[in-house]
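Have a look at the structure below before the remarks.
Chain naming here is simple, since letters A, B, ... match the order of the sequence lines and numbering starts at 1 in each.
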Amino acid sequence: MSQTPNPLAIKKPVTYGANATQKLLAFASLVSMLVIFSLSSPNFLQTENIIAIMLSTAVAGVLGIGVTFVIITSGIDLSIGTVMTFCAIMAGVVITYMGLPVWLGVLAALAFGAFVGFLNGTLIAKLKIPPFIATLGMMLVAKGLSLVISGTKPIYFNDTEVYNLISMGSIFDLSAFVPNLAIPNAVLIFFGVALISGFILNKTALGRYTFALGSNEEAVRLSGVNVDRWKIGIYTLAGAIVGVAGILISSRLNSAQPALGQGYELDAIAAAVIGGVSLAGGEGTILGTVIGAFIMSVLINGLRILSVPQEWQITVTGLIVIFAVYADILRRRK
Amino acid sequence: MSDSATTDDVLLRMEGIHKSFPGVLALNNVKFDVRKGEVHALLGENGAGKSTLMKILAGVYTKDSGTITFEGKSVESSSPREAQKMGIGIIHQELNMMQHLTAAQNIFIGREPRMWGGTVLDEKTMNTETKKLFDQIKIDLDPRVRVMDLVVAKQQMIEIVKALSHNSQLLIMDEPTAALNDKEIEELFRIIRQLKATGVAIVYISHRMDEIKKISDRVTVMRDGTYIDTVRAADVELETIINMMVGRKLDEMVRPDAKIASDEILLEVKNLNRGRAIKNVNFQVRKGEILGFAGLMGAGRTEVARAVFGADPFETGEIFVNGKKVSIKQPQDAVSHGIGYLSEDRKRFGLAVGMDVQTNVVLASLSRFCNWAGMIKSKDIGKTGEQFVDSLSIKTPSLSQTVKFLSGGNQQKVIIAKWLVRDSEVLIFDEPTRGIDVGAKFEIYKLLNRLVEDGKTIILISSELPEVVRLCHRVLVMCEGRMTGELSGSEITQENIMRLATTRETIST
């Protein structure tokens, strides 16, 4: 240790990505929403309703986790909604059209998601196309291909019951002890994706470069890091996570709906932003995004239970997003 | 007086270095050498070629000709990475760090220790290793602290440690004290002395004369892209160094326009303050004069100009136009009081580079060129455009030429035209000739003289001393946010300006 006293040194060990204020704010909002809705309606705090909320959070939550990686690099991915559908369609092609085993269909969804992510990353890193434009283009490409491949008709998984169980089954069924307490697999998968992603983001090189690229890409390049390769890797990972969402949604609906998907990307980005992931890059946590996704679905669910018309639910969600971003700006100004 | 290294303790030798950029010979037959374990100051005015020389050494630029030997080996470094590998590190004036990451993460970026078969980062080892590096040069810092939570001085130390962790034998420091206070400078000097003791050589670029004798062993002076001399710091007076930097002959340059400005005070600024950037600045601008703002980079000249123009907020201060107190909170307030600001960064702040000449000329006063329904009167725009292209002799093939394709000097004229159309009385020029070739510079000088003859008033911010000496009726000199003096008439010499520009505040507390 040094002998010279150093009054300027800040002795505050900070875990990075620790975006405490915003996360606290988001968590506090979630808790207060839960309290308010519970007090306003006896129907809110019911086991069935809580499970419904978790189930409806799963898909947007998983998408939000995928896009969290991208946003931390100060990029954006607008293609996640329609790519999710594209992955679902590919699972349908493999399972229903080709009659191959379910696990191959699942693998196909993940692989196509990763492949589209790889393409996004390559367009952005190698061809230097701005992320907004590259993924906007990919959003339309994926949407078009889904319609072409499916012949604009839904693909049903009626012959393979097990596919539906991926989302709707429950390996964590406590209904024998507490009535109705059977947590659907979709929710467990959502939490699993969150845990693994949190590990990747905080403990591996890929996660480190995710933050580093968002913080100062040029500095990373000058340090001799192969920036392009890591960037492509990050988009590929995000794509694979989108593949998971594709499996979750199609197995829940027991069908791959080619027209579905657009709009989900905005919910996912909103969840990340509400959870404190900074669009300027360099900051964000998986836990934040998970909380952000819950805030959105609790809000919609609660307003529905209070019989607020759907058009107002949408309006309120929009206001929440604007407020969350403004809170982020205020914090940044400090 | 020359003291070139000849013996075998030479670490670096650069000889016959030439480098030209389009239109400019940046380095002309420059030589430079560094011995092991010495602090070698590299001095010269802005534009003398110091940074270009160091960027060649660090692999940022490639030289046109000349030889470089480092540790006895010939060097053809072509990338910063290769220079780093050889043992040459550079600490840029603008620190290049990942603000969201911790100190240790910044230092180990790209070569993080791993565990679990390389899959997982070993944060613990990284932090201990960083702590060891910190201890080596006795810095008391937590490796886990985020860079954005540190003051600039600490961030700079992390950059130094990062360079050292690559086993650098030579460390280039470009204006390392520019953003530091006295206490922090002392700490930096302590670290420099410690590095010296371990045999690391340091090239020290600074504008602050008082530091040179304190820290450096030898001094090399450059001027206008050429090598002037290398001397032992202990043997030489500061005055001599300044003379070498400025070049005595330039003294003799006489201002072409000796006409004395009126006594009428057009603009007055009282007690302007903003943090460390602007400290209690007072000045008056007389109608029809060219008032120079001189000082080194970061002295606060641009900050004052931007505050007066309403582009940046200020904490306290009063602004008077024609004797009346005015409130300037935004650029539009300043513009409505007849103040125009011509930024040093023409492309970013001065021009719509993708639009044509005539549109740029009327852009700041577009509402005057619209009819009652808000439709643009293109004929009037053409007429005005033509008038200014003629009167300022803007060289352009046509009025509808895209501004992007004009030369720097002509772009500058388009901006001047823009502010003249807006009826500006006071024009603030921030480095109007930066990046403009010599011929075009003289045209801009002539134009500035003509503008004041026509009754306009000019505030000229310039880092090129000959320009200031040549053009200005009065010169205000700044250093570290304070006004350190006012010069007028024959007092305006490069030596006087330099002396005032390096008059640092003595800290009494």
Minimum heavy-atom distance between B:M97 and A:N216, given as atom pair plus value: O-ND2, 2.8 Å
Results of side-chain hydrogen bond (donor to acceptor under 3.5 Å, both in side chains) for B:K63 - residues two or more places apart only: B:E76
Region of B:Q99 that comes under 4.5 Å of a non-hydrogen atom in chain A: both
B:M115 atom CE: more than 12 heavy-atom contacts under 6.0 Å: yes
Short side-chain to backbone donor-acceptor contact, A:S215 and B:H100, under 3.5 Å: yes
Other residues, nucleotides, ligands: >12 heavy atoms within 6.0 Å of B:Y204 OH: yes
Nearest-0.5 Å distance that lies between atom CG in B:D122 and atom NZ in A:K203: 10.0 Å
Neighbour count >12 (heavy atoms, 6.0 Å) for atom CZ, A:F132: no
A:A212 to B:I109 - nearest heavy-atom pair and separation: CB-CD1, 3.8 Å
Crowding at CZ, A:F118 (>12 non-hydrogen neighbours, <6.0 Å): no
Neighbour count above 12 (heavy atom, 6.0 Å) for A:F191 CZ: yes
Over 12 foreign heavy atoms within 6.0 Å of NZ, A:K128: yes
Worked check of side chain to side chain contact (heavy atoms under 4.5 Å, CB included) between A:T204 and B:T119: CA-CA 6 Å; A:T204 70; B:T119 52; 5.9 Å; no
Shortest non-hydrogen contact between A:Y209 and B:E112, atoms and distance: OH-OE1, 2.7 Å
A:R208/B:L101 under side chain to side chain contact (heavy atoms under 4.5 Å, CB included): CA gap, chis, key distance, verdict: CA-CA 9 Å; A:R208 174 66 39 80; B:L101 303 194; 4.0 Å; yes
Chain A interface, residue from B:G118, B:P143, B:G110 that has the most non-hydrogen pairs under 4.5 Å: B:G110
